[in-house]
Peer 1: 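One structure is given below, represented as structure tokens, and several questions about it will come after.
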Amino acid sequence: MSQTLKPKSPDRGQRHSAAWGKRLSMLLLVLIAEAAFAQPGAVNGKPVGKFAADLAPVVARAHQGKAGTQTVKVIVQYKDIPQLKQEGRMLSLGARLNHRLGMVKAIALTIPVSALPALEADPEVLSVSFDHPLKGLDDTTDLATGVTAAWNAGYNGAGIGVAVIDSGINDSHPDLLDSTETTSRVVYRQDFTGTPNSNSSGAMYDMYGHGTHVAGIVGGNGYLSGGNYVGVAPGVSLIDLRVLDANGSGSDSAVIAAIQQAIALQNTYNIRVINLSLGRGIPVSYTQDPLCQAVESAWKAGIVVVVAAGNYGRLSVNGSNGFGTITAPGNDPYVLTVGAMKSNGSSSPSAETLASYSSKGPTTYDHVVKPDLMAPGNAVVSLAAPGATLETSYPAEFVTGSDGNSDYFTLSGTSMATPTVSGAVALLLQQNSALTPDQVKARLMKTAYKVFPFSTVAWVPHLSMNFTSTYDLFSVGAGLLNMKAAVSNNDLAPATTGAALSPIAVYNPGPPSTVSLVYGNGSVSAGSVVWGTSVVWGTSVVWGATVTGSSVVWGAALPWNSNLLSAFSVVWGASTGTSTSATSVVWGASTLNGNSALSDAGDDEQ
């Protein structure tokens, strides 16, 4: 995930946020696709007893006496916040305590597989899920997103705290100093990985190199680049909550613990934004996922949670064309989920096109309409963390600063697009600190740039392939971040928590087959203040001229149900007028594997 950085020269209009996947071979993409979409479909994401669906095979081994000495990392949720008594009961089963997660009434354990049946029998245990591994989601820009208009109005994010939950921040970089150039704006740090905070190559606090890059997109001041690579909100305070190790890997429980700490520190550092440039597959509905419950808790506490959409838009398992590949916790309807675009060498928003790796909605199981917003994320230049894994592995991506040293680094991905939006949120909250998370989300979506072509083709050199992208709401959401419009807008969505929940897409078999947006218990009204089609998504550019105010967004009269672009069939698993197929990507039979860490799959494109 990268932040919006000021281009180095007029022909580089967007930040460089190097996507890990840039170097992935076609073979690796195929392997990822096969593994990621290999979930058993019999349970359709529904829990088996107290156990999450993806735990069922492990529990079965325990019942069959085949567990041996195997252990598994789990999150055990209780009816009430677990105390020492409950912890002691788990320890007596041979478990090891990893994290206390009171925010979701849970503890994270490493427990013998043979002990899992005891959790089913414990009347105080509500549910048990995998402590899923996850990764940073890596794959120009101030001008393209209108950030300079906010700067010209006097906003730089000063006084706003942004919690970067990532691989750590190397706070010795001069671009993270305050205006006196003596004090770091990284005001707090805490490690949740239990791994060293330095290595023999000279890396400090960020062993992977991802979190420093993300922090620079949020709030670097461009000191070592003569102002060429400036973050979106160069006056913000940064809270460093480290959850990813030297390989960019982490776990659900570490992220939940970090979110919990961000909420605890909210008043101390005025934390108004959490940036999550990371993700994993979706094993269950967001309503049953502890990671999603955690981001919802932060949102309800008044913190805007900005999450990467994922970098799996090129995966076409069962002919899905990349639809249904949003990663968790970006599948949660509360949070602001961000996809990636690319500048194509221009600073004009009209030149921005969809990065083919950017994950598309609707979400698995729940069919939440995601992403919510787009931002530049391809080939973004931000702060380097010398000696970290990324920098050591890809030295060609270094960019020289004004001091002649390798001060900056190029990355791509939705990981880079996400901090661009986090910085923008900080600017908006500096302008009006009374805005609620829902009001921020609604305003950014309403004011987004919405003029797109019907489709574009991207050539990916290292794969020797073309990828065609269409500009529907499951691909580009409400449009491209437009801060010039956002800071000029005074419209307010309702202040009620949940007023800006992303709607659900509902399949109607017909005939004719259609897909409608549903908010709460009813269809989204075209005149809705928050989600009306003409207000947020726009009728003429996102939906096409055929949309006439109806809440129906996909059907026979709409462009995505054509033979040429068969997205309707591949997403919903049915042709017009037929029933839904069990192999549909978003219905749960085939989905991103929630028990596998998701590596970066974004790439620079041409």
Side-chain angles (χ1 to χ4, degrees), residues 1-3 5 15-20 134-139 161-173 175-176 184-199 201-220 231-233 236-251 254-255 257-259 261-262 271 273-279 306-308 377 380-394 397 407-420 422-423 597 599-600:
M1 308 27 245
S2 71
Q3 67 187 47
L5 298 176
R15 301 188 186 297
H16 286 65
S17 69
W20 251 127
L134 45 73
K135 279 208 165 203
L137 295 173
D138 298 321
D139 214 73
V162 178
V164 177
I165 299 178
D166 211 285
S167 63
I169 301 174
N170 177 9
D171 66 352
S172 65
H173 199 296
D175 283 22
L176 296 179
S184 173
R185 285 181 288 113
V186 179
V187 295
Y188 180 90
R189 71 156 39 93
Q190 186 170 341
D191 173 65
F192 296 88
T193 69
T195 60
N197 62 8
S198 63
N199 64 19
S201 299
M204 286 290 294
Y205 302 120
D206 182 3
M207 300 300 100
Y208 184 50
H210 190 269
T212 300
H213 195 279
V214 165
I217 295 172
V218 174
V232 177
V236 295
S237 298
L238 296 164
I239 292 81
D240 174 13
L241 303 176
R242 182 179 173 223
V243 298
L244 302 179
D245 64 16
N247 297 312
S249 299
S251 66
V255 175
I259 293 171
Q261 183 66 351
I271 298 175
V273 189
I274 288 175
N275 187 95
L276 290 171
S277 291
L278 44 76
V306 188
V307 186
V380 175
V381 175
S382 185
L383 310 187
T389 301
L390 285 174
E391 280 76 356
T392 301
S393 301
Y394 304 106
E397 302 297 342
D407 301 310
Y408 300 93
F409 198 69
T410 304
L411 287 175
S412 300
T414 56
S415 281
M416 284 49 257
T418 302
T420 298
S422 290
S599 60
D600 304 327

Peer 1: Supply the atom-to-atom distance L241 CG to R189 CZ, rounded to the nearest 0.5 angstrom.
Peer 2: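 If we round to the nearest 0.5 Å, L241:CG and R189:CZ are 10.5 Å apart.
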
Peer 1: State, without any angle test, whether D206 and T212 hold a side-chain donor-acceptor pair at a distance under 3.5 Å.
Peer 2: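 Side chains of D206 and T212: pair found under 3.5 Å.
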
Peer 1: Using every non-hydrogen atom in the two residues, find where I169 and Y205 come nearest and quote the distance to one decimal.
Peer 2: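 Heavy atoms of I169 and Y205 come nearest at O-CB, 3.4 Å.
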
Peer 1: Counting distance only, does the side-chain N/O of H173 pair as donor-acceptor with the main-chain N or O of A385 below 3.5 Å?
Peer 2: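 Flag not set: sc H173 to bb A385 has no pair under 3.5 Å.
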
Peer 1: First locate atom CD1 of I274, then atom CD1 of I259, and finally report the distance between them rounded to the nearest 0.5 Å.
Peer 2: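 It is 5.5 Å, given to the nearest 0.5 Å.
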
Peer 1: Keeping R185 on the side-chain end and G219 on the backbone end, is there a donor-acceptor pair under 3.5 Å?
Peer 2: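 Checked: pair present.
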
Peer 1: Specify the closest pair of heavy atoms between V232 and G423, including all atoms of both residues, with the distance to one decimal.
Peer 2: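 For V232 and G423, the tightest heavy-atom pair comes out as CG1-C, 3.5 Å.
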
Peer 1: Determine the minimum heavy-atom distance between T414 and A308, stating which atoms define it.
Peer 2: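 Closest approach of T414 to A308: OG1-CB, 3.6 Å.
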
Peer 1: Which heavy atom of L244 sits nearest a heavy atom of G250, and at what distance?
Peer 2: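 Taking every non-hydrogen atom into account, CD2-N, 3.7 Å.
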
Peer 1: Check F192 against A254 and note the closest heavy-atom contact, atom names and distance.
Peer 2: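 Closest pair (atom of F192, atom of A254, distance): O-CB, 3.8 Å.
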
Peer 1: Keeping T389 on the side-chain end and A246 on the backbone end, is there a donor-acceptor pair under 3.5 Å?
Peer 2: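 Yes, T389 side chain to A246 backbone: donor-acceptor pair under 3.5 Å.
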
Peer 1: Tell me the closest heavy-atom pair linking L176 and G220, and the distance in Å.
Peer 2: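 What the structure gives for the nearest pair is CD2-CA, 4.3 Å.
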
Peer 1: Using 0.5 Å steps for rounding, measure from the CG atom of D175 to the OH atom of Y408.
Peer 2: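 Atom-to-atom, D175:CG and Y408:OH are 3.5 Å apart.
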
Peer 1: Output the distance between atom OG1 (T195) and atom CG (N247), rounded to the nearest 0.5 Å.
Peer 2: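 With rounding to 0.5 Å, OG1 (T195) is 9.5 Å from CG (N247).
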
Peer 1: Please round to the nearest 0.5 Å and tell me the distance separating atom CG of N197 and atom CE of M207.
Peer 2: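 So the gap between those two atoms works out to 6.5 Å.
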
Peer 1: Does the D166 side chain pair with the main chain of G211, one donor and one acceptor, at a distance under 3.5 Å?
Peer 2: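 Yes, because the side chain of D166 sits within donor-acceptor range (under 3.5 Å) of the backbone of G211.
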
Peer 1: Give a yes or no on whether the backbone of V186 and the side-chain of S184 come within a donor-acceptor separation of less than 3.5 Å.
Peer 2: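 Side chain of S184 to backbone of V186, a donor-acceptor pair under 3.5 Å: yes, one is there.
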
Peer 1: Apply ring-ring contact (aromatic ring centres under 6.0 Å, His included) to residues F409 and H210 and explain how you reach the verdict.
Peer 2: CA-CA 10 Å; F409 198 69; H210 190 269; over 10 Å; no

Peer 1: Rounded to the nearest 0.5 Å, how far apart are CG of N170 and NE2 of H213?
Peer 2: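 It is 13.5 Å, given to the nearest 0.5 Å.
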
Peer 1: N199 side chain to G387 main-chain N or O, any donor-acceptor pair under 3.5 Å?
Peer 2: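 Checked: pair present.
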
Peer 1: I'd like to know if the side chain of N275 and the backbone of S422 have a donor-acceptor N/O pair within less than 3.5 Å.
Peer 2: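 A pair under 3.5 Å: no.
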
